[in-house]
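Chain A is the first sequence line, chain B the second, and so forth, proteins listed ahead of strands; every chain is numbered from 1.
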Amino acid sequence: NAGVMQNPRHLVRRRGQEARLRCSPMKGHSHVYWYRQLPEEGLKFMVYLQKENIIDESGMPKERFSAEFPKEGPSILRIQQVVRGDSAAYFCASSSTGLETQYFGPGTRLLVL
Amino acid sequence: AQKVTQAQTEISVVEKEDVTLDCVYETRDTTYYLFWYKQPPSGELVFLIRRNSFDEQNEISGRYSWNFQKSTSSFNFTITASQVVDSAVYFCALSELEYGNKLVFGAGTILRVKS
């Protein structure tokens, strides 16, 4: 049973570009969560999605960030017009229901030059 | 309010020593879950354990053991006979039924095990 997949593992963008981070949940999981780990900081919740629905986006920055989890395909975290402060590790996790254990992917390390 | 405190920023031990990582949490919910995750130098997050608020039984898994005490709001993690491969950052986390399943993480404890 494949784990949570994230790609790319590393992403370099220049200021002002767009970053798209992808997450494929574990097989059978329909709940996806995104977390961000800023340098020297802990992990912070960003958004919680089910297929085609955003359940909780209380941790998402108000501007430039969006997330989706379409009926088909991976979940996407999109960051528009990236700034240096967006440089971080972005982790995706999935669970089978809204109450079960979240299993994490390997993360995407975003570096904004 | 949800809060998880890992007061130990960094711990260094010599191989074969026992080490305990502390975790204290705050919650107003009666139904909640506590977790430990390990982040080795390679960077991924590895799930170690989940406990629910109604199960205070301590758990042992090989060299790992966990002590959950609701009276002190603590969920401590002990590694017995530590090994170099245990070197990692360890995160304690909390999720509350009231707030869905989102995890609130502590700041993490860096464990360095020297040979």
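Under the ring-ring contact (aromatic ring centres under 6.0 Å, His included) criterion, the residue pairs touching residues 11-33 of chain A are A:His31-A:Tyr48, A:Tyr33-A:Tyr48, with sequence neighbours excluded. Residue pairs meeting the side chain to side chain donor-acceptor pair (under 3.5 Å) criterion with at least one partner in residues 63-75 of chain A, sequence neighbours excluded, are A:Trp34-A:Ser75, A:Arg64-A:Asp86.
Between B:Phe105 and A:Tyr35, the distance from one ring center to the other falls under 6.0 angstrom.
Cluster membership for B:Ile11 and B:Val4, using ILVMFWY side-chain heavy atoms within less than 4.5 angstrom, is shared. Using a 4.5 Å cut-off between side-chain heavy atoms of Ile, Leu, Val, Met, Phe, Trp and Tyr, with links allowed through other members, A:Phe69 and A:Ile55 fall into different hydrophobic clusters. In the hydrophobic cluster analysis, where Ile, Leu, Val, Met, Phe, Trp and Tyr join through side-chain heavy atoms closer than 4.5 angstrom, B:Val104 is grouped apart from A:Met60. Both B:Phe77 and B:Leu111 are members of a single hydrophobic cluster when ILVMFWY side chains are connected at heavy-atom separations under 4.5 Å.
A:Gln102 contributes atom CD, which lies 12.0 Å from atom OH of B:Tyr33 (distance to the nearest 0.5 angstrom). With rounding to the nearest 0.5 Å, the separation of CZ in A:Phe104 from CZ in B:Phe91 is 10.0 Å. Annotation: the span from B:Asn101 atom CG to A:Asp56 atom CG amounts to 10.5 Å, rounded to 0.5 Å.
Looking only at heavy-atom pairs under 4.5 Å with chain A, the residue among B:Gly108, B:Gly43, B:Ser42 that has the most is B:Gly43. Chain B forms the most heavy-atom pairs under 4.5 Å with one residue out of A:Gln37, A:Lys44, A:Glu41, and that residue is A:Gln37.
Around atom CZ of A:Arg15, no more than 12 heavy atoms belonging to other residues, nucleotides or ligands sit under 6.0 Å away. In this structure, B:Glu10 places its CD atom where more than 12 heavy-atom neighbours from other residues, nucleotides or ligands lie under 6.0 Å away. Counting heavy atoms of neighbouring residues, nucleotides and ligands inside a 6.0 Å radius, atom NZ of B:Lys70 exceeds 12 of them.
Neither the backbone nor the side chain of B:Gln6 comes within contact range of chain A; no heavy atoms are under 4.5 Å apart. Using a 4.5 Å cut-off between heavy atoms, A:Ser58 touches chain B through its side chain atoms alone.
Within residues 46-56 of chain B, the residues approaching chain A closer than 4.5 Å by heavy atoms are, in numerical order, B:Phe47, B:Arg50.
Residues A:Phe91 and B:Leu45 form a side-chain contact, since some pair of their non-hydrogen atoms from C-beta on lies under 4.5 Å apart.
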For residues 2-13 of chain A, dump all side-chain donor-acceptor pairs below 3.5 Å to protein atoms at least two apart in sequence or in another chain.
residue, atom, partner, partner atom, Å
A:Gln6, OE1, A:Cys92, N, 3.0
A:Gln6, OE1, A:Gly107, N, 2.9
A:Gln6, NE2, A:Tyr90, O, 3.0
A:Arg13, NE, A:Glu18, O, 2.8

